[in-house]
Structures are given as structure tokens and as C-alpha cells.
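Before any comments, here is the structure.
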Protein chains: 4
Amino acid sequence: MRRKLTPRGRERRDQLMECGARLFAERGYHPTSVADVVAALGVGKGVFYWYFASKEELLTELLKASNHDLRKRQQQAIGEEADPVRRIELGIRASLGWFAEHREYFAIIQFAATDETFAPVLARNREIAIADTIRHLKDGIVDGRIADRDPALLAHAIHGVVAELTRHSLVEGNLPLDEVADLCVAFCLEGLAG
Amino acid sequence: MRRKLTPRGRERRDQLMECGARLFAERGYHPTSVADVVAALGVGKGVFYWYFASKEELLTELLKASNHDLRKRQQQAIGEEADPVRRIELGIRASLGWFAEHREYFAIIQFAATDETFAPVLARNREIAIADTIRHLKDGIVDGRIADRDPALLAHAIHGVVAELTRHSLVEGNLPLDEVADLCVAFCLEGLAG
Amino acid sequence: MRRKLTPRGRERRDQLMECGARLFAERGYHPTSVADVVAALGVGKGVFYWYFASKEELLTELLKASNHDLRKRQQQAIGEEADPVRRIELGIRASLGWFAEHREYFAIIQFAATDETFAPVLARNREIAIADTIRHLKDGIVDGRIADRDPALLAHAIHGVVAELTRHSLVEGNLPLDEVADLCVAFCLEGLAG
Amino acid sequence: MRRKLTPRGRERRDQLMECGARLFAERGYHPTSVADVVAALGVGKGVFYWYFASKEELLTELLKASNHDLRKRQQQAIGEEADPVRRIELGIRASLGWFAEHREYFAIIQFAATDETFAPVLARNREIAIADTIRHLKDGIVDGRIADRDPALLAHAIHGVVAELTRHSLVEGNLPLDEVADLCVAFCLEGLAG
DNA sequence: TATGAATGAGTCTTCATTCAT
DNA sequence: AATGAATGAAGACTCATTCAT
């Protein structure tokens, strides 16, 4: 479904993605119909299929785009930082920050993870993110700053904390982001013991 | 839809729940039809509606039953243990153990969390579990064994680690459960620093 | 889509086939919607899919059933007749007779032959019919009653005459069947020369 | 939709007809969309509607053009030949030859005959062709060369043979055209008896 | 002339649910 | 308790056609 798009076309496509993201997040993927999406935009049904081959493709594109954007944010945040522990911290803060600004995507990603159609896409995204984290962890272990435990499991543990605190702060919605981020980082680095 | 059931009736109901759990886990809730569930059991469609008012109710019952069972397991594991840190550890190990034995439920619960229809049920379940954890955390903070940070956030952090390591070990499927549990506990108690 | 049908179910299925045959013949396969078929029967749309997996399957079943019926008629007509030329004649007359009584099927079969989805089914049917004819022709050639020419081509020639005269007499509709059959037989046996 | 076309315009129109003929023949009229036709040519959708008022019109034009061309071929073949039997033979051979060179049209014509929208156009074409044949047959009957049977039915019989042998040789595709034509002529003139 | 974009009625199909038996 | 049958609203997707540029 690669199509040469005029600027106007590109704009439409973006509108559809935005609209789809919002509705999928609010009501869920299955309960949202293509008709809902185009109606929310006030355009005909055909428009949707001019830009996307299927409803499925819309979600896939959403997943790809969000992953791409999140990773960009993380990389910018980490920059040239050399200290591996600090890199991990910056990555955590970048993730929390990104989701705070793109609330829709949390629900979408979480749903996608439960659906056999989309799980593979997400699995790949996660793999890449985990691999990044593992690299930093290994550096930290070599440095002696991080305890010598299975880096893969540690990476998942960190991601779990980030995911749940993200979810919690998005849903409760009234906690200062920095506070959550601080605790998230502290917990990951020091655990409950502090 | 409370109905007095004969022993045979109770058995049927259990079969339906088991069957539904399996299919919902494998294919997802929406993509699984009531027809699929009864077909997998080789019975007519009427049977389903004899025991459940709707497809929705089946999932709700599944959610309730699994939550009930998981909590029972946790309580048995914790028993009369007095040390709050140890209570947390036992709770974590109980959760990991339970999910290892009820793999279907992880996917179901995760999906339910993303659907506005079921999210409330899950939210309540989670609240209760978090409240339990918070209680132990507060005890630990009073004891001075646990750093004095926001207990609610800490509780969520722990749950996040447990959830993601559960998911990881279920999906990867080839790690010894004890090893995962050990790391999970260690990470929660000491963080990366060890 | 094999399903155990109650007598009532079998009846419904037959009604759907009859109805479909009529509408496909009148308006064509593509221009006839499943909605048209069920509306003509005054039943809900779901009924159709209870008995047939798809619109396509309905046509396929129609094709199979008609072929089966036509062949039965031909075999009954030919019976134990020993003379191969006479067998051909009886076959021709049976075909013309059958189509006169099942006018809907001519149009359906002719359409199906032009559609890549159904052509294979029809090709097989035709093959079988041609093979029958070829057998009689070869017998006739051995007897010296039929000129020694390529029996496959001869068989097709005969089928062509039968098909077109069938069509003509169905459409014109006012010619006595026997007269058409007589000429058909005479033409096939003696050609224009007589 | 008569439009004065520049040479370039005429060329485009021809390309569209050729393309349409090919696709209609391969996939069928209904399953082929206007989008398919223009995509195969690599042009925009507007082009199609510049040259044809509708998809329907394209098929109608195709039918007209092919009929015109076939008739021209037949007339050239028959030329000034005086012998009516020979005229029939030449007509048969011309038809077989033309279809061998315009394979696409056989499927198209056969489909059109089954669709109530196009059947009338085809009926007229057929009428004209049959009338031609009838004229030759009557001449032959007067000459005593042809048996005195209903000329209309005889004409249809001949057309049936030609149609089916055409189809057969196009589909089987591996028989020498002359051989088929010889048998076709022989069968029509002498029947099975030879 | 030509294009990308848009329309929206219409198509096939699914499915939760109900009902007669 | 159970079954086969029926319902019909709703969903994903198609496509002939039109239009602004």
C-alpha cells in the first residue's frame, strides 16, 4: 500500500492515523470500526481504504510509527553519555516522558501485545529495546557498578517497572511526572532497600 | 444468572470456563466467538446461554475466578509470616508460581486491562492487590528495612517487575522458574546495584 | 460445510438452492446478492450462511447437483441399449429433455464456464460427459457405422450442436421439443447432406 | 460518448479496449474493476472516463468491435464464391481462424451472452450471423445440395459446432487449427456418417 | 487530457443472542 | 438441559463514478 502522496494526501493519512490512535485507545481496537474512524473525520469510507489496505494495517502503522518515535526520543536523551548507569536512567526518563506526551499509545501497545496478529510486530520492537538495555547493563556489570546477574532478566525487570509506573501515572494522572520518574529510577538502581 | 446447578451442571460450567479461557488466551477475546467455544466442547449453542448470560459474563467470571484463586495462593504462601520483607518475597514467588501453572490467564488479564468493558473489574482486582502490597511496604518502612518512599508507587513498581518477568518467562518458556523468581526478588529488594 | 440437517433443515437448504438457481439464471451470478436470495425467501441473512459457507459454495452445489441429475437422466435414457449410434441419439434427446425441464440451469452453467472460479468444476463435468460420448463413438467407428475421425473432436461437435439448439429452443421457446430433437439427431448423424 | 479524438486519443482508447479485453477474458467482467484496467495501463482513473461513459460501455464497444471485425473477416473469406456449400465452409473456416487470432474475445462473448445487460447486443449480433447462414442454406436447399430441413435450426446447429470446437481448440490449445477446421466442416456437411 | 482524491451505496460475511422443539 | 435453526444488526471492504486541480 505504498502510494505516492501529494502533500494533501500525506495530511489526510496523518489525520487518519491520529484519529485511529485516539479511538483505538479510547474504545479498543476491535470495538472501533473503520466507520467510526472516518466518521470522526467527517469523510467517506473509501478515504480510509485509499490510504490503508485494511484496519489491521492502520494499527500496524501506528505501532511502527510510535516505536520509531519513542526510540528517537530515547536516543536523543541518551546522546553521548558514557556512564552506563546514567544511560539507563536517561532511557527510563525518556520513556516516561514520551508516554506522558503520547498517552494514546500506551493502551494501543498493550492491546497489540495480546493479539496474535500484532504480537509479532511488538515482539520485535521489544526485542530491540531490550537489546539496548542489555548493552548498558553489561557495560555496568563490567564496570562493577551493576551486580553480575542475568542481564536479560534485569532488562525485563526494568522494562516492567517502567511500563507499570507509566500506566499508573497515566491512569491516575495526577502525579508529577518527575516524582514518578525519580522513584522509578531509584527503585531500579537501588530496589526497596534504598 | 445465579442458578442452582446440579453436580453435572457445575461440571459443564467449568468445562465452558476452561474452554473459554484457553480460546481467549490463544486467539483473543473478540476473535473468539461463542460458537467457537461451544464447538470446541462439541455441544450446542444453547448450552452456553444456559450457564452464562453473555459472552461478556464468561470473561468476567474468568477474571473473578482467576483473581480469587491467585489471591488464595498468595495468602497461603504468606501464611503467618511476620517479617514484611519476607511477606513481599513470598507474595512475589506465589504470583510467579501461580501464573506458571495458569498460563492462559496472563494473556486474558492483559487483554481485559485494555478493554473499557473489563478494565473496571481488573482495576478493582489490582487495587486490592496493591493495597496488600502497600501494607507490607508500610510495615517495612516502619521497621526501617525499606526506604521511606511513596509506598503506592513502590507497590506498582514491584507489580510491574513481577508482571513483565512473568510474561517473559511464560513466552520464552525455557527458564527455570526458581531462577526467575530469585532474580525478581533480588531486583525488587536490592535493585541493580545488588 | 457438511452439517447434520433435520428434515426441516434439508427443506430450507433446498429452498435456498432453488431460489438461488432462479435468481442466478434471471439476473446472473454477480448481480444477484445473497441479500436478494434470502429476501426472496423471506428469511434472515444468517440463514444463508447456516447452510452454505459462501455465495460461491451455493453456485458450486448448484453445479454439482444439476450435473448429477442430468447424468442420471442420460443414463436412464440410454439404459441397456446396445447400438452405439442409438445410444448417442438417446443421450442427445435426454439432454434436450432435461434442459427443457430445468431451464434455469442452462444460463447458470454457461456463466460458470466463463468464470475462473467455477470453470474447473465445469471442466470436469464436461470431461466426463465427453468421455461418455467418445466411448459410444469409438464403438460406432469399430462397427463401421461412424466415419473414422478423431472421436474427441466429434464428441465436442455433437455437444456443440446440442448446446446451441438447447439454448435456441429455450430462448425462442416456441418450438416443439421433439422437432428440435429430431433435427439435432439428424444433423449429428447425417450432417447437412441428409 | 462520441468524441472527436486526436490520433493520440484514438491510440489511448485502443489501449484501453485491448487492456479491458485481456482482463475481462482472464478474470471475467464483474471481477475486473475499472481500477484494474487503468492500473494495468499505468494511467489515472480519469482517463478511463474520458474515453468511455462507463465500464458497461467498454464491454459493449468491445462486443461491437469484435463482431464487426469477425464479420469483415468472414466476408473477405467468402468473397465472390458462388457455391453456397462452399460459402458455408469458408465462413466456418474464417470464424475458427479469427477466434484463433483473438482468443480473448471468446470468453468475453460467452460471458456477455449470460448477462441480461449485454445479452441483447449479442442477440442482435447472433441474429445477423444466423441470417447470413440461413441465406446460404436456402441456396443450398434450392440447389438440392442440402437436405430440406428447417434452415434456422440448421444454422444454429452449425454455429453450435463452430462455437464448441472453437472453445475446445482454444482451451486445449494444442491441436493444429486446420485439422479442427477440416473436421468441423466435414461434420457439418456429412454428420457422423461421413 | 490527466491525476490523485473522494464518495457512499452496496457486497459478503460474522456473530451475539433468541427461540421452538 | 440441550439442540438446530433463525435473526438482523453490524462490520470490513469494494468499486463505479465524480471532482478539484
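Every chain is numbered from 1, with letters handed out A, B, ... down the list of sequences. All values derive from a computational prediction rather than experimental measurement.
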- Query: Starting at CG of Leu41(A) and ending at P of dA5(E), how long is that distance when rounded to a whole Å?
  - Reply: 15 Å

- Query: Got a sec, which residues hit side chain to side chain contact (heavy atoms under 4.5 Å, CB included) with Ala112(B), two or more places apart in sequence or on another chain?
  - Reply: Leu63(B), Phe118(B), Leu122(B)

- Answer yes or no: does a side-chain N or O of Thr6(C) lie under 4.0 Å from OP1 or OP2 of dT3(F)? no

- Query: When the distance from CD of Glu57(D) to P of dT17(F) is rounded to whole Å, what number comes out?
  - Reply: 10 Å

- Task: With sequence neighbours excluded, tell me which residues meet side chain to side chain contact (heavy atoms under 4.5 Å, CB included) with Ala53(C).
- Result: Met1(C), Glu57(C)

- Message: Can you pull out the residues from residues 111-120 of chain A that lie within a 4.0 Å heavy-atom distance of DNA chain E?
- Response: none

- Any side-chain N or O of Tyr51(C) under 4.0 Å from OP1/OP2 of dA6(F)? yes

- Residue set satisfying ring-ring contact (aromatic ring centres under 6.0 Å, His included) with Tyr49(A), at least two apart, ordered chain then number -> none

- Once you round it to whole Å, what is the distance between C1' of dG4(F) and CD of Glu11(C)? 15 Å

- Task: Report the distance from atom CG of Leu16(A) to atom P of dA12(F), rounded to the nearest whole Å.
- Result: 14 Å

- Could you say whether Gly42(A) or Gly44(D) is positioned toward the 5' end of DNA chain E, judged by the nucleotide with the nearest heavy atom to each? Gly44(D)

- Item | side chain to side chain donor-acceptor pair (under 3.5 Å) involving Arg167(C) - partner list, sequence neighbours excluded | Glu164(C)

Distances under 3.5 Å between protein N/O atoms and the N/O atoms of nucleotides 13-15 of chain F, please, pair by pair.
{"unit_1": "dC13(F)", "atom_1": "OP2", "unit_2": "Tyr49(A)", "atom_2": "OH", "d": "3.1"}
{"unit_1": "dC13(F)", "atom_1": "OP2", "unit_2": "Lys55(A)", "atom_2": "N", "d": "3.1"}
{"unit_1": "dC13(F)", "atom_1": "N4", "unit_2": "Lys45(A)", "atom_2": "NZ", "d": "3.1"}

- For DNA chain F, what is the dot-bracket line, given that a base pair needs Watson-Crick (N1 to N3, plus N6-O4 or O6-N4) or G-U wobble (N1-O2 and O6-N3) geometry with both distances under 3.5 Å, and | means paired with another strand? .||||||||||||||||||||

- Query: Excluding sequence neighbours, so at least two apart, what forms side chain to side chain contact (heavy atoms under 4.5 Å, CB included) with Gln15(B)?
  - Reply: Glu11(B), Arg12(B), Leu41(B)

Show me the side-chain donor-acceptor pairs of residues 28-37 of chain C shorter than 3.5 Å, one per line, residues at least two apart or across chains.
{"unit_1": "Tyr29(C)", "atom_1": "OH", "unit_2": "Glu56(C)", "atom_2": "N", "d": "3.3"}
{"unit_1": "His30(C)", "atom_1": "NE2", "unit_2": "Asp115(C)", "atom_2": "OD2", "d": "3.3"}
{"unit_1": "Thr32(C)", "atom_1": "OG1", "unit_2": "Leu23(C)", "atom_2": "O", "d": "3.3"}
{"unit_1": "Thr32(C)", "atom_1": "OG1", "unit_2": "Gly28(C)", "atom_2": "O", "d": "2.7"}
{"unit_1": "Ser33(C)", "atom_1": "OG", "unit_2": "Ala35(C)", "atom_2": "N", "d": "3.4"}
{"unit_1": "Ser33(C)", "atom_1": "OG", "unit_2": "Asp36(C)", "atom_2": "N", "d": "3.1"}
{"unit_1": "Ser33(C)", "atom_1": "OG", "unit_2": "Asp36(C)", "atom_2": "OD1", "d": "3.4"}
{"unit_1": "Ser33(C)", "atom_1": "OG", "unit_2": "Asp36(C)", "atom_2": "OD2", "d": "3.3"}
{"unit_1": "Asp36(C)", "atom_1": "OD2", "unit_2": "Arg27(C)", "atom_2": "NH1", "d": "3.2"}
{"unit_1": "Asp36(C)", "atom_1": "OD2", "unit_2": "Ser33(C)", "atom_2": "N", "d": "3.0"}

- Query: How is Phe52(C) classified with respect to the nucleic acid when contacts are heavy atoms under 4.0 Å: base, sugar-phosphate, or nothing?
  - Reply: nothing

- Atom CZ in Phe111(D), atom CZ in Phe106(D): separation rounded to 0.5 Å? 14.5 Å

- Heavy-atom nearest nucleotide on DNA chain E taken for Ala35(C) and for Gly9(D); more 5' hit belongs to Gly9(D)

- Message: Please determine whether a side-chain nitrogen or oxygen atom of Arg12(D) lies at a distance below 4.0 Å from atom OP1 or OP2 of dT1(E).
- Response: no

- Could you tell me whether Lys64(A) and Glu61(A) make a salt bridge, using a distance below 4.0 angstrom between a side-chain N and a carboxylate O? yes

- Compare every heavy atom of Leu62(C) with every heavy atom of Gly20(C), then report the nearest pair and how far apart it is. C-CD2, 4.3 Å

- Measure the distance from CD on Gln15(A) to C1' on dA5(E) and round it to the nearest whole Å. 13 Å

- Message: Looking at Arg103(D) and Leu170(D), would you say the former's side chain and the latter's main chain have a donor-acceptor pair under 3.5 Å?
- Response: yes

- side chain to side chain donor-acceptor pair (under 3.5 Å) partners of Asp14(B), counting only residues at least two apart: none

- Would you kindly give the OH-to-P distance between Tyr29(A) and dG11(F), to the nearest whole Å? 13 Å

- Any donor-acceptor N/O pair, Arg3(C) side chain to Trp50(C) backbone, under 3.5 Å: yes

- Please report, rounded to the nearest Å, how far the P atom of dC15(E) is from the CG atom of Leu23(B). 13 Å

- So, is Arg8(A) near the phosphate of dC19(F), with a side-chain N or O under 4.0 Å from OP1 or OP2? no

- Phosphate OP1/OP2 of dA5(E) contacted by Trp50(A) side-chain N/O (<4.0 Å): yes

